[in-house]
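Notes to accompany the following structure.
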Number of protein chains: 2
Amino acid sequence: MKRRSFREAECPVARTLDAIGDWWSLLIVRDAFDGIRRFSAFQQNLGIAKGILSTRLRDLVEAGVLSLAPASDGSAYQEYVLTEKGRGLFLVIVALRQWGEDHLFRAGERRSMLVDAATETPVDRLKLHASDGRGLTWEDTRIVDAASCAPKGSPSPPKSA
Amino acid sequence: MKRRSFREAECPVARTLDAIGDWWSLLIVRDAFDGIRRFSAFQQNLGIAKGILSTRLRDLVEAGVLSLAPASDGSAYQEYVLTEKGRGLFLVIVALRQWGEDHLFRAGERRSMLVDAATETPVDRLKLHASDGRGLTWEDTRIVDAASCAPKGSPSPPKSA
DNA sequence: GCTTCCAGTTCTATTTTAGAACCAGTTTCG
DNA sequence: CGAAACTGGTTCTAAAATAGAACTGGAAGC
């Protein structure tokens, strides 16, 4: 009765959710983007049980999203910091944020906001584009099998690995 | 011992995850984007227990992400279709997909691909821009409280709601 | 009208989570 | 230095969620 795994799914969305799609992981990652690094800081900020946090952090480190580094304040403790792979989740967080802003707030309700630090102005909306720059909506797209759609530099035909 | 709720969180990311952040919801939404509409089709495609699927679909309908519509094939059954709100999750799915493509596949491994239907070429990567069009990375951004960052047409000061 | 399919609901067993208690190593500080 | 408090966990129990199978009532197929 184990939870189904999509680690080997053909769909990248499924693999991503398999890796970080549980209830707490993305919240932890969001906190990491907000500068939180210490176990107790995550725990207090999220109100998560320590046992769960412990396994989630371990899983995220195992997944290569976070890594353990010596504390920046010189103490003997360690900190959890985003790896390059973890920082790659930024647009996932932004996409979640923009959807929430659009659909989950009543008018005038207090909310945090993502701004361009240089100008303090809100960032632009994410948009999807074709390779030639045209804007795309869901209706303009299709899912195909990679084998049938080799990109320019066709790295290698899917023979073994 | 209820699961903590972020329905009233100030952070849009937290609200979004509260609404659709559990293990199955985004997979169901992904399937919906792929054209799946019937209970049994979701069930077979995901390998999810029927009981869970039942509550997940009910929750998604309640959240306004899916709606029930009479079956398009003329039968007496009903179908689950994405609402406008649900279609708004497209970029979330795309962001998850691109991260998975980048970090969760070995070279040459078979994977599905999102293409521009018109040209059959892979879509562009999502990118974040400032309001003036400059590309932004995480390091270029900050989270601020909405009240301290009123946008141009300052809709209304956060007085009541 | 009998059988099969569809879309669930209900049931039990297993797994996961929450929350509190506990603990070893660290830091504080008197 | 030694006691007290803090940090980062682990362990324990109880509650909740999930998996999987069995069951059900209406719709379709024949």
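Worth knowing before you read on, the calculation uses all heavy atoms, side chains too, and leaves out hydrogens, waters and symmetry mates. Treat the numbers as computed from the prediction; the structure is a model and nothing was measured. Letters A, B, ... mirror the listed sequences (proteins, then strands); counts begin at 1.
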Looking at D:dT7, I'd like to know if its phosphate oxygens (OP1 or OP2) sit under 4.0 Å from a side-chain N or O belonging to A:Arg38.
no
Whole angstrom value for the distance that separates C1' of D:dG8 from CZ of A:Arg58:
12 Å
Is it true that A:Arg106 and B:Glu8 have a side-chain N and a carboxylate O under 4.0 angstrom from each other?
yes
Does D:dA17 have OP1 or OP2 sitting under 4.0 Å from an N or O in the side chain of B:Arg56?
no
Is there a side-chain polar atom (N or O) of B:Ser54 under 4.0 Å from OP1 or OP2 of C:dT9?
yes
Identify whether any heavy atom of B:Thr55 sits under 4.0 Å from a base atom; if not, whether one sits that close to sugar-phosphate; answer base, sugar-phosphate or nothing.
nothing
May I ask you to evaluate whether B:Trp23 reaches the phosphate of C:dT15, defined as a side-chain N or O under 4.0 Å from OP1 or OP2?
no
Report yes or no: does B:Glu101 contribute a side-chain atom to a donor-acceptor pair with the main-chain N or O of A:Pro12 at less than 3.5 Å?
no
What I want to check is whether an N or O donor and acceptor connect the side chain of A:Tyr77 with the base of D:dG9 at under 3.5 Å.
no
What contact category does A:Tyr80 fall into here, base, sugar-phosphate, or nothing, at under 4.0 angstrom with non-hydrogen atoms?
sugar-phosphate
Examine D:dG8: is either OP1 or OP2 under 4.0 Å from a nitrogen or oxygen in the side chain of A:Ser40? Give yes or no.
yes
Just the rounded figure in Å: distance from P of D:dG8 to CD1 of A:Ile52.
18 Å
Using a strict threshold of under 4.0 Å (side-chain N to carboxylate O), is an ion pair present between A:Arg56 and A:Asp59?
yes
Whole-Å distance separating the NZ atom of B:Lys50 from the P atom of C:dC6
10 Å
Let me know the distance between CD of A:Gln43 and C1' of C:dT17, rounded to the nearest Å.
14 Å
If we ignore hydrogens and angles and just use 3.5 Å, is the side chain of B:Gln98 paired with the main-chain N or O of B:Leu126 as donor and acceptor?
yes
